Amino acid sequence: MLQPRLSVLGFRSPLFNANLFPVARVQYYSTSIKSFQVAIDGPAASGKSTTARAVASRLGFTYIDSGAMYRGLTLKAMAWNLDPTKDAQTITNMASQTNFAFRTPQLPVDQLDNARTAITHVYLDGVDVTDEIRLPMITRAVAPIAALPSVREVLCSKQRAIAEGKEGQPPPEEASADSEYAMFLQEKIELEKALFTATSEGDFAQVQSLKDQIKELGDLCAELAPKDVSPESQVPSGVVMDGRDIGTNVLKQAHLKIFFEADPLVRAKRRLEELQRKQSKGDLPDLETVLKEIEARDLSDRTREVGPLLKADDAVVVDSSNMSLEDQIQTTEDLVRRKMKETGFA
Ligand SMILES: Nc1ncnc2c1ncn2[C@@H]1O[C@H](COP(=O)(O)OP(=O)(O)O)[C@@H](O)[C@H]1O
Ligand SMILES: Nc1ccn([C@@H]2O[C@H](COP(=O)(O)OP(=O)(O)O)[C@@H](O)[C@H]2O)c(=O)n1
């Protein structure tokens, strides 16, 4: 059973937009505009997200972090005290009903420091969960949820929709809190927070009552959500998506596929350095623990039946064990630019 320890999860300021409840949206898609697609896969801490984000930023492409979606769903499942061995269907329904969105701030693209420290904001139903989804308890719990075939089906289809610009628009930076819709949404988020606390305290009467209220408010918000979007402008000129099964499954037709490799010990050292950078105080694991966790997650990711971590036959392998981050980014950017020329995109 997943243990929630939910008191540490604090939702931050809610932001609002038209895309929080996709059921209420009117959508018009253009099929004539096609993006250049780059699929990046590889094991944990091989440099996928840092490189993918930097390259996307240099090329003006959209970056999609598929792992953040599995992490986000894990966060939500833990908040509702769900167990992947027993509650697969509920977790799958939760995945379908969740709106996932990203925002990567545009930073000067030539500075390596920016590449190292840049973050992509991740929104679950309009709520910024960027920090919460990186908590070690989420990292430890994500693999069994990501192994559920029905969950993968839902999230992979959402990932394709985001790549095509049909979903995943982030909430506006300036939230407009004056509409009735925004007011109800704010209330719903407050109740979600109360639900986290009630679940962690085992107050089951309160949990049930909160769930009922959240459901009612959710229905109301879905009705009131602004329905007009202009999807034509949402189709990105290019996308870089990273994960485990992007080249083999999600974006099988990607124009370029890259598979990052790196020695497990090198990856563990990088992850530990990252933890040290982010977390100046508190309990830091030792190198051996980080290495063990990385190896366990790699094994689970490589051996699951659906969507395993696998190099696509047509993927270019980049082993970054002895590469600086700068070299890894430059090598990837060069591969993308070359392929864009070959395929008539540049
Ligand atoms: N080639 C590299 N050299 C040194 N550090 C790297 C390199 N690639 C990535 N890193 C660092 O390693 C850590 C893990 O990289 P990340 O992009 O999060 O990996 P992934 O997305 O594959 O899990 C980050 O702190 C990143 O800055
Ligand atoms: N396309 C993907 C991406 C991530 N995942 C799962 O989500 C977990 C977290 O992905 P991540 O990319 O955030 O992980 P890190 O490599 O950054 O540690 C992975 O260990 C996989 O179990 C997946 O199954 N398929």
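Keep in mind it's a predicted model, so treat the numbers as computed, not measured. FYI, side chains are in, hydrogens and waters are out, and symmetry mates aren't considered; it's all heavy atoms of this structure. Atoms within each ligand, like the ligands themselves, are counted from 1 in listed order.
Between S66 and ligand 2, an N or O atom pair is found at a separation short of 3.5 Å. Residue contacts with ligand 2: R271 is placed with a nitrogen or oxygen under 3.5 Å of a nitrogen or oxygen of the ligand (distance criterion only). The shortest N or O to N or O distance between Y70 and ligand 2 is not under 3.5 Å. Checked against a 3.5 angstrom limit, the closest N/O atoms of S320 and ligand 1 fall outside it.
Looking at atom 24 (C) of ligand 1, its nearest protein heavy atom turns out to be E274 OE1, 3.4 Å. Nearest to atom 17 (O) of ligand 1 among the protein's heavy atoms is T50 OG1, 2.5 Å. Ranking the protein heavy atoms by distance from atom 23 (O) of ligand 1 puts A45 N, 2.9 Å first. Considering only non-hydrogen protein atoms, atom 8 (C) of ligand 2 sits nearest to V142 CG1, 3.6 Å. Scanning all protein heavy atoms for the shortest distance to atom 19 (O) of ligand 1 gives G47 N, 3.1 Å. Summary of contacts: the protein heavy atom closest to atom 3 (N) of ligand 1 is L325 N, 3.3 Å. The protein atom (non-hydrogen) at minimum distance from atom 13 (O) of ligand 2 is R71 NE, 2.7 Å. Looking only at heavy atoms of the protein, atom 14 (O) of ligand 2 is closest to R297 NH1, 3.3 Å. Annotation: atom 12 (O) of ligand 1 to nearest protein heavy atom, R270 CB, 3.3 Å.
The proximity of R267 to ligand 1, defined as any non-hydrogen pair under 4.0 Å, does not occur for either the backbone or the side chain. At a heavy-atom distance under 4.0 Å, atoms from both the backbone and the side chain of K48 approach ligand 1.
Residue M323 approaches ligand 1 through these ligand atoms, each under 4.0 Å from one of its heavy atoms: 1 (N), 2 (C), 3 (N). Within ligand 2, counting atoms from 1 as listed, the ones closer than 4.0 Å to a heavy atom of A146 are 6 (C), 22 (O), 24 (O). Those atoms of ligand 1 that come under 4.0 Å of a heavy atom in P43, given as number and element, are 22 (O). Of all atoms in ligand 1, numbered sequentially from 1 with element shown, those under 4.0 Å from a heavy atom of S324 are 1 (N), 2 (C), 3 (N). For ligand 1, the atoms lying closer than 4.0 Å to a non-hydrogen atom of R116 are 27 (O). For ligand 1, the atoms closer than 4.0 angstrom to any heavy atom of R277 are 25 (O), 27 (O).
Considering OH of Y63 and CD1 of I40, their distance stands at 8.5 Å, rounded to 0.5 Å. Once rounded to the nearest 0.5 Å, the distance linking CG of L251 with CE of M241 reads 4.5 Å.
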Does the pair R271 and E274 meet the rule for a salt bridge (charged side-chain N to carboxylate O under 4.0 Å, His left out), with working shown? CA-CA 5 Å; R271 187 59 25 110; E274 182 185 340; 3.3 Å; yes
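Ranked by closest heavy atom to atom 8 (N) of ligand 1, the top entry among Q328, R53, R271 is Q328.
Taking 4.0 Å as the cut-off between side-chain N and carboxylate O, D131 and R134 do not count as a salt-bridged pair.
Close to ligand 2: A45, with a non-hydrogen atom less than 4.0 angstrom away.
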